[in-house]
Number of protein chains: 2
Amino acid sequence: MQAVDAPSCDLSCDESLVHLDNVRQVQPEVLSTEKAQRMAEFFSALSDPHRLKLLSALAQQELCVCDLAAAVKMGESAVSHQLRVLRSQRLVTYRRQGRNVYYGLADDHIMSLYREVAAHLDE
Amino acid sequence: MQAVDAPSCDLSCDESLVHLDNVRQVQPEVLSTEKAQRMAEFFSALSDPHRLKLLSALAQQELCVCDLAAAVKMGESAVSHQLRVLRSQRLVTYRRQGRNVYYGLADDHIMSLYREVAAHLDE
DNA sequence: CAATCCTCTGAACAGGTGTTCAGTGGTAAC
DNA sequence: GTTACCACTGAACACCTGTTCAGAGGATTG
């Protein structure tokens, strides 16, 4: 995990010979490790079919954990674990009401994201 | 939302009692396992910082494997393995030219996707 | 307060993921 | 043909992920 911003030696290449000009041109535009990490964690939250099912259920309406579990046919514990992941990426909101905790979609970014991806996959 | 006397349930619920009406309403809209799987695989391809770096490099210009390796500071073998993943989701194109194989971004869906996510993360 | 319900948590285990290493195939240069 | 280079592949290994199981915390009901 080292930063890529050092101008002195931008290539530290003991590697084989490559197209130096191309590499030097592209390298400063490469996503920083930090940003790449954050973005990867976000996509990672969406990279599980069960979590996607949960989101698609929440896209319909707010639901509590046990309803979610029934809707996607998972154990309640498993659902709880997965919701933790979705929460960590701010994909869902939750509010407590009595004994239940109701979850919902965090915002509409996710739906438009969904549509983008669905479009890509239909090709 | 009031509970109603449950009609014979289409939910195969040996589970605990939940809000049957909610579940029945939502369940048919839940993403099918097949679609959820495909979508998860797509997001999974984007869920690694190194792959995101590769894509950000390719967003600049077409590059061959060894240039990519130098640009993101990975081994060439590792890059090759990761490009395989990106190829499987049609995120990149490739064409052979002499001894080199040049990779590029497959289409612009990905960039707009990138921007969506970047917007979500800046909150 | 005792009992019950809903949700969350931690540990343990199976399965998946990404890297390195060694080796192969294909292309160009000599 | 031989050599060198570029890219790909498979195996092995460490690491991460998601499930289940058992149990704890919080809130409501009687």
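Just so we're on the same page: letters track the sequence lines, and every chain starts at 1. Excluded from the calculations below are hydrogen atoms, water molecules and symmetry mates; all remaining heavy atoms, backbone and side chain alike, are included.
For Ser77(A) against dC8(C), no side-chain N or O and base N or O form a donor-acceptor pair under 3.5 Å. Looking at Ser44(B), its side chain has no donor and acceptor atom pair within 3.5 Å of the base of dT17(C). Side-chain atoms of His81(A) and base atoms of dT20(D) include a donor and an acceptor less than 3.5 Å apart.
Listed nucleotides: dC8(D), dT7(C), dG18(D). Nearest to the side chain of Ser80(A): dT7(C). Listed nucleotides: dT19(D), dT7(C), dT19(C). Nearest to the side chain of Ala78(A): dT19(D). Closest contact between the side chain of Gln82(A) and the listed nucleotides dC8(C), dT9(D), dT19(D) involves dT19(D).
Comparing Arg87(B) and Val79(A) along DNA chain D, the residue whose closest nucleotide (by nearest heavy atom) sits nearer the 5' end is Arg87(B). Nearer the 5' end of DNA chain D, as judged by each residue's closest nucleotide, is the contact made by Ser47(A), out of Ser47(A) and Gly98(A).
Across all strands shown, Tyr103(B) has heavy atoms under 4.0 Å from sugar-phosphate atoms exclusively, and none from any base.
Atom CZ in Arg84(A) sits about 5 Å away from atom P in dT9(C), given to the nearest Å. As a whole-Å value, the separation of His50(A) NE2 from dG15(C) C1' is 14 Å. Between the CD atom of Gln97(B) and the C1' atom of dA28(C) there is a distance of 13 Å, given to the nearest Å. Arg95(A) places its CZ atom 15 Å from the C1' atom of dC6(C), with the value rounded to the nearest Å. Nucleotide dA28(C) holds its P atom 10 Å from the CG atom of Asn100(B), rounded to whole Å. Look at CZ on Arg99(A): it is 5 Å from C1' on dC5(C), rounded to the nearest Å. Residue Leu86(A) contributes atom CG, which lies 16 Å from atom C1' of dT7(C) at whole-angstrom precision. Summarising the geometry, the separation between CZ on Phe43(A) and C1' on dC16(D) is reported as 20 Å, rounded to the nearest angstrom.
Although no hydrogens or angles enter the test, the distance criterion places a donor-acceptor pair under 3.5 Å between the side chain of Ser88(A) and the main chain of Val85(A). With hydrogens and angles disregarded, no donor-acceptor distance shorter than 3.5 Å links the side chain of Ser80(B) to the backbone of Ser77(B). Checked by atom type and distance alone, the side chain of Arg51(A) never pairs as donor or acceptor with a backbone atom of Ala40(B) at under 3.5 Å.
Interatomic distance, CG of Leu63(A) versus CG of Asn22(B), reported as 6.0 Å (0.5 Å rounding).
Around the CZ atom of Arg90(B), the shell of radius 6.0 Å holds no more than 12 heavy atoms that belong to other residues, nucleotides or ligands.
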